[in-house]
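First comes the structure, then the notes that go with it.
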Protein chains: 2
Amino acid sequence: MLQEHAEEYLGAIYRLRTTPDIPVPLAQLTEYFGYSPVSVHEMVKKLSAQEWVAYHPYQGVTLTPTGQKVALALLRRHRLWERFLTDTLHVPWEEAHELAGALEHAVTEEVTERLATFLGDPASCPHGAPIPPSMPSIEERCLADLPTGARGRITRVSQESAALLHELGTRGILPGALFVIAAQNHDEIVIELAKHTAHLPLKSAQMVRVELF
Amino acid sequence: MLQEHAEEYLGAIYRLRTTPDIPVPLAQLTEYFGYSPVSVHEMVKKLSAQEWVAYHPYQGVTLTPTGQKVALALLRRHRLWERFLTDTLHVPWEEAHELAGALEHAVTEEVTERLATFLGDPASCPHGAPIPPSMPSIEERCLADLPTGARGRITRVSQESAALLHELGTRGILPGALFVIAAQNHDEIVIELAKHTAHLPLKSAQMVRVELF
DNA sequence: AATAATTATAAGGTACACCTTATAATTAAC
DNA sequence: GTTAATTATAAGGTGTACCTTATAATTATT
Ligand SMILES: [Mn+2]
Ligand SMILES: [Mn+2]
Ligand SMILES: [Mn+2]
Ligand SMILES: [Mn+2]
């Protein structure tokens, strides 16, 4: 777990990028942090190993979906703290940014959301930058635990073994797919999808998360 | 600068001690943190080198005045954040302690005092522990900048070079001393102390902080 | 006084995130 | 197409705060 420093990098990459998919050159990170190119490169390799960034040699880094999530969560915390500092504690806005840079690492997601509520769910920081929305907390259920007739949408597969993914893929059980539970017994479920009906072992269904309607 | 970890140790020592001056055995710190005895011992040596604790072999550690100041400041921040979490964000009090353990390291003294004001200067944390008072913020002035007739008390010398300290010492310009400015010109000031009058180069006076009456 | 328990110290190691210096590879500019 | 600039990589190093294993010193217990 690299946590704090990693977050800082991901946040910087998010801030520095112009367009998603256009890589941020390491030279920019070097300048942003005031670190040596070698240090930045080293760190980028670590971030890349964790799949938080994609490293494009001689071009720079882009955020992976996971990396972007981390960056957005950080920016959300940062900007909420800025609002708290200026609105609640009456800290001058020119000092709020730096102070929020420390607080942003010191709170859990839950505290962050409570803070947001307290502040009245502000849409932007004192400097006008938008506050990223909290991740829509979908109520996920396990596909294996649903009664006959339940309908919803596949959200994700919680284990990424090749065999499982292949089994699900061939049956059309993919993130995004709409479904209705047609039947269920001790060792398999029958699930109706858009264009066909699939049989799936319960064991596999246990790895599938869905959002119910 | 050891800062965060050092603070954590000093805070723990403060919490664990029964009476000031009765040393806290390293074994207690070992247990408190869940670190190995060797690690604790190592850290204690560092704290001792900084004169934040006094180490009494086979007995334990006591806080020096400086160390205690750091510990009290930490506890103040900790308990103020606990109040904020429970009172303002409605975090359950059983979660507040741990969460405050992170926030306590993420704020400056100034933000702490603003937080205290916002909270209405509470006297105790949600768990009933007293909140140490803020350091009485003496309004310090520079001895070099005072008009004739100004009176007050020397509070401290802001640069600790041997030559300067010797110069001040021989003239009786020491922390605690009461004074009146008798005269002042382009390159020196004349300062009246309890039992004598001293002449001091302005350059030296610039390093002396005073509290005015 | 001898033994047991506690405490201290020595020696060597790990992970993290930074550093410098030097060389190689690639890309950009002339 | 050669040169210059940028970017990457290799090699070795730092400080902080943790670790284990092993041995020495002190204190406590019987
Ligand atoms: Mn930060
Ligand atoms: Mn802002
Ligand atoms: Mn803490
Ligand atoms: Mn408390």
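Within every chain, numbering begins at 1; the chains are lettered A, B, ... in the order of the sequence lines, protein sequences first and strands thereafter.
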**Report entry** Salt-bridge criterion met for A/E7 and A/R77 (N-O under 4.0 Å)
**Finding:** yes
A/E4 atom CD is separated from D/dA17 atom P, nearest whole Å, by 15 Å
Requested in this report: Ignoring backbone atoms, establish whether A/S39 has a side-chain N or O less than 4.0 Å from OP1 or OP2 of C/dC19.
Outcome: yes
Separation of D/dA17 atom P from B/Y35 atom OH, nearest Å, is 10 Å
Here the distance between atom P of D/dT16 and atom CD of B/Q3, to the nearest Å, is 13 Å
Per atom distances to the B/S36 side chain, the nearest of C/dA17, D/dC19, D/dA8 is D/dC19
Winner on side-chain proximity to A/Y58, out of C/dT20, D/dC18, D/dA8, is D/dA8
Next on the checklist: Taking the side chain as everything from C-beta on, heavy atoms only, tell me whether B/V61 gets closer than 4.5 Å to B/L26.
Outcome noted: yes
Identify whether any heavy atom of B/F33 sits under 4.0 Å from a base atom; if not, whether one sits that close to sugar-phosphate; answer base, sugar-phosphate or nothing. nothing
When rounded to whole Å, the CE to C1' distance for the pair A/M43 and D/dT7 reads 20 Å
Parallel, tilted or perpendicular: ring planes of B/W81 versus A/F84, cut at 30 and 60 degrees: tilted
Regarding the side chain of B/V38, the nearest nucleotide among D/dT9, C/dA10, D/dC18 is C/dA10
If only side-chain N and O atoms of A/K46 are considered, is one of them under 4.0 Å from the OP1 or OP2 phosphate oxygen of C/dC16?
no
Between A/P37 and A/T30, the two heavy atoms sitting closest are CA-OG1, 3.6 Å
B/L29 CG to C/dT6 C1', in whole Å, measures 16 Å
Ranking D/dA8, C/dG12, C/dA8 by distance to the side chain of A/L26, first place goes to D/dA8
On the nucleotide D/dT7, are OP1 or OP2 found under 4.0 Å from the side-chain N or O atoms that A/H41 carries?
no
Compare side-chain N and O positions of A/H5 against OP1 and OP2 of C/dC18 and report whether any pair is under 4.0 Å apart.
yes
Under 4.0 Å, counting only non-hydrogen atoms across every strand here, what does B/G60 touch: a base, just sugar-phosphate, or nothing? nothing
Rounded to whole Å, CD of A/E8 lies from C1' of C/dC18 at a distance of 14 Å
Does a nitrogen or oxygen in the side chain of B/Y9 sit under 4.0 Å from OP1 or OP2 of D/dA17?
no
Exercise. Determine, for B/K46 against B/E42, whether the closest basic-nitrogen to carboxylate-oxygen distance falls under 4.0 angstrom.
Key: no
